[in-house]
Asks: 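Sending over a structure as structure tokens; questions will come in a sec.
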Amino acid sequence: MSLLVVGLSHRSAPVSVLERATLTADAQAKLVQDTVAAEPAAEAAVLATCNRIELYADVDKFHAGVAELSTLLAQHSGVGLEELTPHLYVHYEDRAVHHLFSVACGLDSMVVGEGQILGQIKDALAASQELHTAGRLLNDLFQQALRVGKRAHSETGIDRAGQSLVTFGLEQLSSGAPVDVWAKGKRALVIGAGSMSSLAAATLARAGVAEIVIANRTPDRAQRLAQILNENEGGASDVTARAVPMDAVPVELTRADVAVSCTGATGLVLTAESVMAAVSGRTGQGAVQGAGSARTASGTAVDGHAPLAPTSVGTEDGCPLDVSTVQGTAGFSVLGEAAVAGMAAAELEQHAAWVDKGDAAARAPRAAGLLDPEADTEAIAALAAAVAAVGRVPERRRPEPVAEAPRRAPALALLDLAMPRDIDAAVHRLLGVRLVDIESLAEASADAPMAADVDQVRRIVSDEVAAFSAAQRAAHITPTVVALRTMAADLVASEIARLDGRLPDLDDKQRGEITQTVRRVVDKLLHAPTVRVKQLAAEPGGAGYADALRTLFDLDPETVASVSRAENNTENAKNRGRA
């Protein structure tokens with residue numbers, strides 16, 4: 001049997017596909033049960049998180065296993081096999097071990113180094129143990145993965161390479177500002193009371209928000225989380241936590257500055273219309289869709305920009321300049337234009353932008369080269385007068401760069417950590433609202449810097465994979481060695497019984513000495529070859545030594561298989577006790 005993993009993650013599939021392929025807890029249980037019931041697989045476990053779905057199995061045939069696991073994933077996820085296949089990845093034997101160990105260390109996470117994945121691996125193992133679908137291989141694999149992940153976090157600074165998905169999401173919302181500075185005094189709404197929502201609530205409490213409101217479909221869980229926050233965080237901060245029913249979310253959203261949602265809902269929890277209504281109810285003005293500039297009837301900007309001061313530039317009515325005296329000199333510097341127009345430079349500066357544009361109708365003949373000689377003479381005379389006034393030829397005026405008006409901070413910040421998503425993606429187009437979801441986090445994390453400790457973690461993973469694979473290869477030959485020693489013990493017992501028949505006068509002491517001597521001889525004869533065969537089997541390519549041992553000693557394959565089954569049953573009983 002060999003380890004096989006088939007799956008898809010944020011690295012192989014777009015969020016839209018991951019979202020549709022999400023498995024409920026019941027679907028995960030049915031998937032592993034159907035996998036074990038399938039012909040190629042003897043064990044199965046599912047690792048399902050917000051950004052990955054992976055099916056692990058112990059299979060006896062690679063190609064048949066890949067086909068069966070891919071088909072089962074498609075059937076239980078509801079995504080057609082033809083659509084799902086381009087996004088699937090496959091790892092086999094040592095590469096599958098390396099993949100899970102890397103996942104456990106946070107190297108394959110959306111945020112490198114995050115530690116939440118360890119809890120998710122532990123949950124996956126517990127679920128498979130409860131369903132009795134994890135045998136010796138998957139129990140050893142997942143338990144070792146947990147140990148490797150803990151080792152990576154304790155021996156390296158991988159935690160510095162990244163944070164939890166919650167922290168990373170809040171950093172994206174804060175647009176580079178320290179989260180504790182950005183969150184200070186804000187009102188927060190957390191939708192959901194599961195592990196991710198609880199982590200979000202605790203993170204916001206430590207960041208210094210003034211209030212946290214927990215909304216959940218099960219009121220008891222929301223109440224319990226609010227109580228924990230009040231008890232654990234109350235002494236260290238001024239945060240106040242309270243629980244509300246889900247139907248209170250629209251009202252609470254009008255009061256919130258930041259909202260985090262992570263539920264198991266299959267549909268949208270917050271639609272674009274509900275968010276627009278919440279922003280409108282909070283600010284007194286509607287959230288506006290679209291990228292263009294938009295203003296209310298009173299002229300107030302609603303696109304996140306502060307309104308500009310009124311100006312008469314570009315408007316001919318009320319302009320103090322005599323257009324006919326200055327339009328021919330458009331393009332000169334302010335001093336030059338002042339000299340020609342006979343006006344104070346400061347007054348002309350106020351309308352420089354309008355003058356630079358000039359009169360389009362009057363400029364048209366100039367552009368076409370149709371000015372008459374008299375107009376040219378007047379322009380030359382004006383230029384000469386300007387030179388006499390300022391002592392130089394006026395330079396052409398260069399337009400000053402226009403500073404962009406400061407953008408107003410969003411009225412509402414939203415963090416969607418659910419898969420499938422809780423918040424309508426159309427919220428991205430609402431002005432006055434900032435939404436960070438799994439898709440935008442994936443894009444942001446692609447450019448996140450990697451810590452130097454990542455290389456050290458990779459070395460740890462490689463060493464642990466080699467050790468695990470060697471142990472598995474050695475364990476693979478153990479049933480054969482046990483069967484060999486059992487056969488030898490049976491031979492000793494048979495020969496002692498035959499000796500009793502031939503020498504019935506032996507007393508118990510003599511019979512015991514003879515029995516002990518024969519057993520020592522057999523043990524010494526078998527010790528060196530069995531120890532050596534275990535060492536050889538632990539090396540790459542050592543699987544053939546078990547076959548050689550069975551052939552040399554003519555061991556019954558069924559006897560070896562029965563020993564293996566007995567060991568697996570004992571191991572499963574131990575694991576159920578641990579769970």
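These numbers were taken from a predicted model, which means no experiment stands behind them. Along the sequence shown, the residues carry numbers beginning at 1. Worth knowing before you read on, the calculation uses all heavy atoms, side chains too, and leaves out hydrogens, waters and symmetry mates.
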Asks: Run the numbers on Val97 and Glu93 for side chain to side chain contact (heavy atoms under 4.5 Å, CB included), then give the verdict.
Replies: CA-CA 6 Å; Val97 177; Glu93 295 187 329; over 6 Å; no
Asks: Between Ser494 (side chain only) and Asp490 (backbone N and O only), is there a donor and an acceptor less than 3.5 Å apart?
Replies: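 Judged by distance alone, no pair lies under 3.5 Å.
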Asks: Where the side chain of Ser12 meets the backbone of Ser9, is there a donor-acceptor pair that is under 3.5 Å apart?
Replies: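 Side chain of Ser12 to backbone of Ser9: a pair is present.
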Asks: Using only atom types and a distance under 3.5 Å, with no angle test, would you say the side chain of Asn216 pairs donor to acceptor with the backbone of Arg221?
Replies: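 No: the side chain of Asn216 does not pair with the backbone of Arg221.
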Asks: At their closest point, which heavy atom of Val5 faces which heavy atom of Ala96, and how far apart are they?
Replies: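 Closest approach of Val5 to Ala96: CG1-CB, 3.8 Å.
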Asks: Do any N or O atoms from the side chain of Asn139 and from the backbone of Ala134 form a donor-acceptor pair under 3.5 angstrom?
Replies: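 Confirmed, Asn139 side chain pairs with Ala134 backbone.
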Asks: For Cys262, is there any backbone N or O sitting under 3.5 Å from a side-chain donor or acceptor partner on Ser197?
Replies: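 Checked: pair present.
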Asks: Measure the spacing between CE of Met196 and OG1 of Thr263 and express it to the nearest 0.5 Å.
Replies: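 Here the rounded value is 12.0 Å.
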Asks: How would you list all residue pairs meeting ring-ring contact (aromatic ring centres under 6.0 Å, His included) that involve residues 18-56, not counting sequence neighbours?
Replies: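 Sorted result for residues 18-56: Tyr56-Phe142.
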Asks: Would you say Gln227 and Glu231 are linked by a side-chain donor-acceptor pair, where the criterion is simply a distance under 3.5 Å?
Replies: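 Side-chain D/A pair, Glu231 to Gln227: present.
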Asks: For Glu39, does the CD atom sit with more than 12 other heavy atoms under 6.0 Å from it, leaving out its own atoms?
Replies: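 Open: at most 12 neighbouring heavy atoms sit under 6.0 Å from CD of Glu39.
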Asks: Please report the shortest heavy-atom distance between Ala74 and Gly80, naming the atom on each side.
Replies: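 Minimum heavy-atom separation between Ala74 and Gly80: CB-C, 4.3 Å.
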Asks: Just checking Arg95: does its CZ atom have more than 12 heavy atoms from other residues, nucleotides or ligands closer to it than 6.0 angstrom?
Replies: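 No, because the 6.0 Å sphere around CZ of Arg95 holds 12 heavy atoms or fewer from other groups.
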Asks: Would you be so kind as to tabulate the donor-acceptor pairs closer than 3.5 Å made by side chains of residues 65-73, with sequence neighbours excluded?
Replies:
residue, atom, partner, partner atom, Å
Ser70, OG, Val66, O, 2.7
Thr71, OG1, Ala67, O, 2.7

Asks: For atom CZ of Arg217, is the number of surrounding heavy atoms from other residues, nucleotides or ligands below 6.0 Å larger than 12?
Replies: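 No, not enclosed.
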Asks: With no hydrogens and no angle check, do the side chains of Gln144 and Arg147 hold a donor and an acceptor under 3.5 Å apart?
Replies: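 Side-chain D/A pair, Gln144 to Arg147: present.
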Asks: Any donor and acceptor pair, going by atom type alone, linking the side chain of Ser128 with main-chain N or O of Thr133 inside 3.5 Å?
Replies: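 Answer holds: no.
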Asks: Taking all non-hydrogen atoms of both residues, which atom of His87 and which atom of Pro14 are closest, and how far apart?
Replies: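 Smallest interatomic distance, heavy atoms only, reads CE1-CD, 3.6 Å.
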Asks: Is there a donor-acceptor contact under 3.5 Å from the side chain of Thr22 to the main chain of Leu18?
Replies: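 Such a contact is found between Thr22 side chain and Leu18 backbone.
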Asks: To the nearest 0.5 Å, what is the distance between CZ on Arg421 and OG on Ser16?
Replies: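 Those atoms lie 8.0 Å apart.
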Asks: Please round to the nearest 0.5 Å and tell me the distance separating atom CG of Asp455 and atom OG1 of Thr156.
Replies: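 The distance works out to 11.0 Å.
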Asks: Check residues 502-513 and write down every donor-acceptor pair under 3.5 Å in which the side-chain atom is one partner and the other belongs to a residue at least two apart or another chain.
Replies:
residue, atom, partner, partner atom, Å
Asp507, OD1, Lys509, N, 3.2
Asp507, OD1, Gln510, N, 2.7
Asp508, OD1, Arg511, NH1, 3.1
Gln510, OE1, Asp507, N, 3.1
Arg511, NE, Asp500, OD1, 2.7
Arg511, NE, Asp500, OD2, 3.4
Arg511, NH2, Leu506, O, 3.2

Asks: Hey, what do you get for CD (Gln75) to CG (Leu81), rounding to the nearest 0.5 Å?
Replies: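 Separation between the atoms: 9.0 Å.
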Asks: For Leu189 and Ala215, which heavy atoms make the closest approach, and how far apart are they?
Replies: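 Nearest pair, atom of Leu189 first, then Ala215: CD1-CB, 4.4 Å.
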Asks: Which is it for Glu155 and Val457 under the side chain to side chain contact (heavy atoms under 4.5 Å, CB included) test, yes or no, and what are the steps along the way?
Replies: CA-CA 9 Å; Glu155 295 183 11; Val457 172; over 6 Å; no
Asks: How would you list, by chain and number, every residue that makes a side-chain contact (heavy atoms from CB on, under 4.5 Å) with Asn51, sequence neighbours excluded?
Replies: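 With neighbours one apart ignored, the set is His10, Thr49, Met110.
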Asks: Do the side chains of Val260 and Leu204 get nearer than 4.5 Å, heavy atoms only?
Replies: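 A side-chain contact under 4.5 Å exists here.
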Asks: Just how far is it from atom OG of Ser261 to atom CG of Asp437, taken to the nearest 0.5 Å?
Replies: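 CG of Asp437 is found 11.5 Å from OG of Ser261.
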Asks: Pair Arg206, Asp180 - check salt bridge (charged side-chain N to carboxylate O under 4.0 Å, His left out), show working.
Replies: CA-CA 8 Å; Arg206 287 194 300 270; Asp180 54 348; over 6 Å; no
Asks: Kindly give the heavy-atom pair with the smallest separation between Leu8 and Ala13, and that separation in Å.
Replies: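 Of all heavy-atom pairs spanning Leu8 and Ala13, the closest is CD1-CB, 3.9 Å.
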Asks: Walk me through it: do Ile191 and Asp422 pass the test side chain to side chain contact (heavy atoms under 4.5 Å, CB included)?
Replies: CA-CA 9 Å; Ile191 305 175; Asp422 280 348; 5.6 Å; no
Asks: Does any non-hydrogen side-chain atom of Lys30 lie less than 4.5 Å from one of Asp26?
Replies: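 A side-chain contact is absent here, since even the closest heavy-atom pair is not under 4.5 Å.
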Asks: Starting at OG1 of Thr35, measure out to CD of Glu43 and round the result to the nearest 0.5 Å.
Replies: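 Those atoms lie 12.0 Å apart.
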Asks: Excluding sequence neighbours, so at least two apart, what forms side-chain contact (heavy atoms from CB on, under 4.5 Å) with Ala466?
Replies: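 Counting only residues at least two positions away or on another chain, Ala466 forms no side-chain contact (heavy atoms from CB on, under 4.5 Å).
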Asks: Quick one: which residue pairs count as a salt bridge (Lys or Arg N to Asp or Glu O under 4.0 Å) with a foot in residues 6-18, not counting sequence neighbours?
Replies: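 Counting only pairs at least two positions apart or across chains, the salt bridge (Lys or Arg N to Asp or Glu O under 4.0 Å) contacts touching residues 6-18 are Arg11-Asp108.
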Asks: Check whether Gln28 reaches the backbone of Leu23 with its side chain - one donor and one acceptor, N or O, closer than 3.5 Å.
Replies: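 Judged by distance alone, yes, a pair lies under 3.5 Å.
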